[in-house]
Amino acid sequence: MAPKSTEKTATAVTAPTTDPKKKDPEPELSEEDTLLKERLDTCVSTLLSDDPTASPPVTTELRLKSLEIIVDELRSATSSMTSVPKPLKFLRGHWDGLKGYYGGLNESKVGDEVFLRARLGDVLAVLAMTMGDRDYKTLESLSDPRSKDDLGSWGHEFVRSLAGEIGQEYTARTLAGADPELDEPFADLLSMVDVIVPFHVAHHAEAEAVDLLIEVQRLKKILEGEGIDEKNYKRVCLYLIKTADFMSDPDDYAEVLETAYELFLKQNQYHDALRIALKIDNEEAIPDLFAACTDKLMTRQMCLLLARQRINYTYEGDDEDELNEIIGNEKLSEEFLKVAQDLDVMDPKTPEDIYKSHLAETGGFSRRREGNVVVDSARANLASTYVNAFVNAGFGNDKVRCMSGSGFYCNSLGKWPF
């Protein structure tokens with residue numbers, strides 16, 4: 001019997017190509033994707049058709065119907081975008097044709113062609129997000145007022161992309177000589193800002209709304225809308241306060257904080273408004289804030305804030321004697337002890353409670369020699385005295401200097417620290 005061959009049969013393995021000119025084959029489309037691609041291709045062909053002998057003839061009304069199908073597919077796909085939607089992928093190949101057809105439409109003021117041109121401009125603006133065509137300006141295709149009123153229907157990612165282009169265009173016009181104090185040179189941009197800001201606020205993107213308004217130097221617009229309410233004013237004001245720290249221009253710094261101040265006033269948050277007023281050195285607002293506040297607890301809190309900031313102010317009104325004592329820090333120790341009692345931290349602490357030396361092998365500040373004999377240290381005693389003073393300051397009692405039950409607190413050798 002012949003021996004079996006020990007040679008192994010070679011198996012052919014196809015390695016991925018490294019030639020940049022050769023592209024890997026695209027994955028096959030599913031049946032659903034194939035139907036979607038064919039439907040979009042048919043709609044684009046109908047929209048761009050210029051055959052006068054077609055039957056039935058391609059009218060403006062038929063083009064509008066085809067375009068509406070494209071619009072519906074795009075809107076349903078871009079409402080929540082986690083990756084590039086398939087309708088956008090399938091329409092990328094028609095970019096040049098759609099852009100050329102849009103450029104050939106007349107800017108007439110009557111007829112269905114006006115709506116057709118506006119709708120097609122919307123589609124091109126959405127496609128431009130994924131095309132990377134630097135020569136194409138998205139804002140020009142959104143010049144129709146009906147397009148601006150419907151920006152939010154294209155999804156959050158489109159609105160965010162558009163907000164970035166608005167900021168770039170505003171900066172370009174300002175550098176070209178346009179006066180940022182006037183609205184006329186930026187009328188088309190501001191009309192879109194008036195739509196984007198409420199959209200961001202309604203979708204919990206208040207920070208993006210504030211950023212856009214700062215870029216176009218119209219931060220006060222956030223006070224005009226009705227979107228800021230008791231549910232979201234805290235997020236907006238907190239973001240404004242943190243953003244102010246990054247403002248290099250003093251006027252911009254003051255404007256950001258003044259906006260937060262007015263938002264607090266609209267929500268009757270007078271303590272927070274007072275905090276911002278003191279931050280921008282606006283002590284003239286103190287009497288108005290106290291006059292507007294009707295909550296006695298909030299009034300006391302405002303007095304405590306003035307006391308903490310060492311503001312010399314005399315309150316006039318109900319309970320003025322008590323409130324002026326608070327402003328003058330006359331009851332600071334009393335209020336401190338009340339808080340300590342509520343927190344159950346009235347018991348004084350010894351330095352060893354702070355050091356927690358029983359958890360350490362070295363025994364804290366104690367110096368040990370052979371035989372575990374504790375050696376008293378002047379430096380350790382001095383440190384304990386300072387620690388005791390800072391830890392128990394304000395409580396009116398401690399275990400180092402004050403009488404405590406049976407006698408004085410002493411160190412392990414029975415001696416007083418300094």
Output a table of donor-acceptor pairs, distance under 3.5 Å, between side-chain atoms of residues 171-185 and any protein atom two or more places apart or on a different chain; print 'none' if there are none.
{"residue": "T171", "atom": "OG1", "partner": "G167", "partner atom": "O", "Å": "3.0"}
{"residue": "R173", "atom": "NE", "partner": "E169", "partner atom": "OE2", "Å": "3.0"}
{"residue": "R173", "atom": "NH1", "partner": "P185", "partner atom": "O", "Å": "2.9"}
{"residue": "R173", "atom": "NH1", "partner": "D188", "partner atom": "OD1", "Å": "2.8"}
{"residue": "R173", "atom": "NH2", "partner": "D188", "partner atom": "OD2", "Å": "2.9"}
{"residue": "T174", "atom": "OG1", "partner": "Y170", "partner atom": "O", "Å": "2.8"}
{"residue": "D179", "atom": "OD1", "partner": "E181", "partner atom": "N", "Å": "3.1"}
{"residue": "D183", "atom": "OD1", "partner": "R218", "partner atom": "NE", "Å": "3.2"}
{"residue": "D183", "atom": "OD1", "partner": "R218", "partner atom": "NH2", "Å": "3.0"}

Hey, are the side chains of L240 and L257 touching, using non-hydrogen atoms and a 4.5 Å cut-off?
no
State, with a plain yes or no, whether a side-chain heavy atom of V71 is found less than 4.5 Å away from one of W154.
yes
So does T350 get a backbone contact from the side chain of N388, meaning a donor-acceptor N/O pair under 3.5 Å?
no
Tell me, yes or no, whether the heavy-atom count around D344 atom CG, taken from other residues, nucleotides or ligands under 6.0 Å, exceeds 12.
no
Pair Y253, D251: side-chain N/O donor-acceptor within cut-off below 3.5 Å
no
For D33, run the salt bridge (Lys or Arg N to Asp or Glu O under 4.0 Å) check against K89, R39, K86 and tell me which one passes.
K86
Just so I know, are the side chains of C237 and D272 near enough to count as touching, which here means a heavy-atom distance under 4.5 Å?
no
Is any side-chain heavy atom of L289 less than 4.5 Å from a side-chain heavy atom of Y261?
yes
Validation row: L48, H94 side chains within 4.5 angstrom (heavy atoms):
no
Within-4.5 Å side-chain heavy-atom neighbours: Y313 and C303
no
Just checking K296: does its NZ atom have more than 12 heavy atoms from other residues, nucleotides or ligands closer to it than 6.0 angstrom?
no
Has the side chain of H200 got a donor or acceptor atom that lies under 3.5 Å from a matching backbone atom of I196?
no
Are F336 and F395 an aromatic pair, judged by ring center distance below 6.0 Å?
yes
Determine all donor-acceptor pairs shorter than 3.5 Å in which one atom belongs to a side chain in residues 321-328; sequence neighbours excluded.
{"residue": "E322", "atom": "OE2", "partner": "R300", "partner atom": "NH1", "Å": "2.5"}
{"residue": "N324", "atom": "OD1", "partner": "Y315", "partner atom": "N", "Å": "2.7"}
{"residue": "N324", "atom": "ND2", "partner": "Y315", "partner atom": "O", "Å": "3.1"}
{"residue": "N324", "atom": "ND2", "partner": "E320", "partner atom": "O", "Å": "2.9"}

May I ask you to test the W95-L124 pair for a side-chain heavy-atom distance under 4.5 Å?
yes
Verdict with reasoning, Y270 to T299, per side-chain hydrogen bond (donor to acceptor under 3.5 Å, both in side chains):
CA-CA 9 Å; Y270 302 107; T299 302; over 6 Å; no
Whether over 12 other heavy atoms sit under 6.0 Å from E61 CD:
no
Apply side chain to side chain donor-acceptor pair (under 3.5 Å) to D72 and list each qualifying residue two or more places apart in sequence or on a separate chain.
none
Residue pair Q269 / K234, side-chain heavy-atom distance below 4.5 Å
no
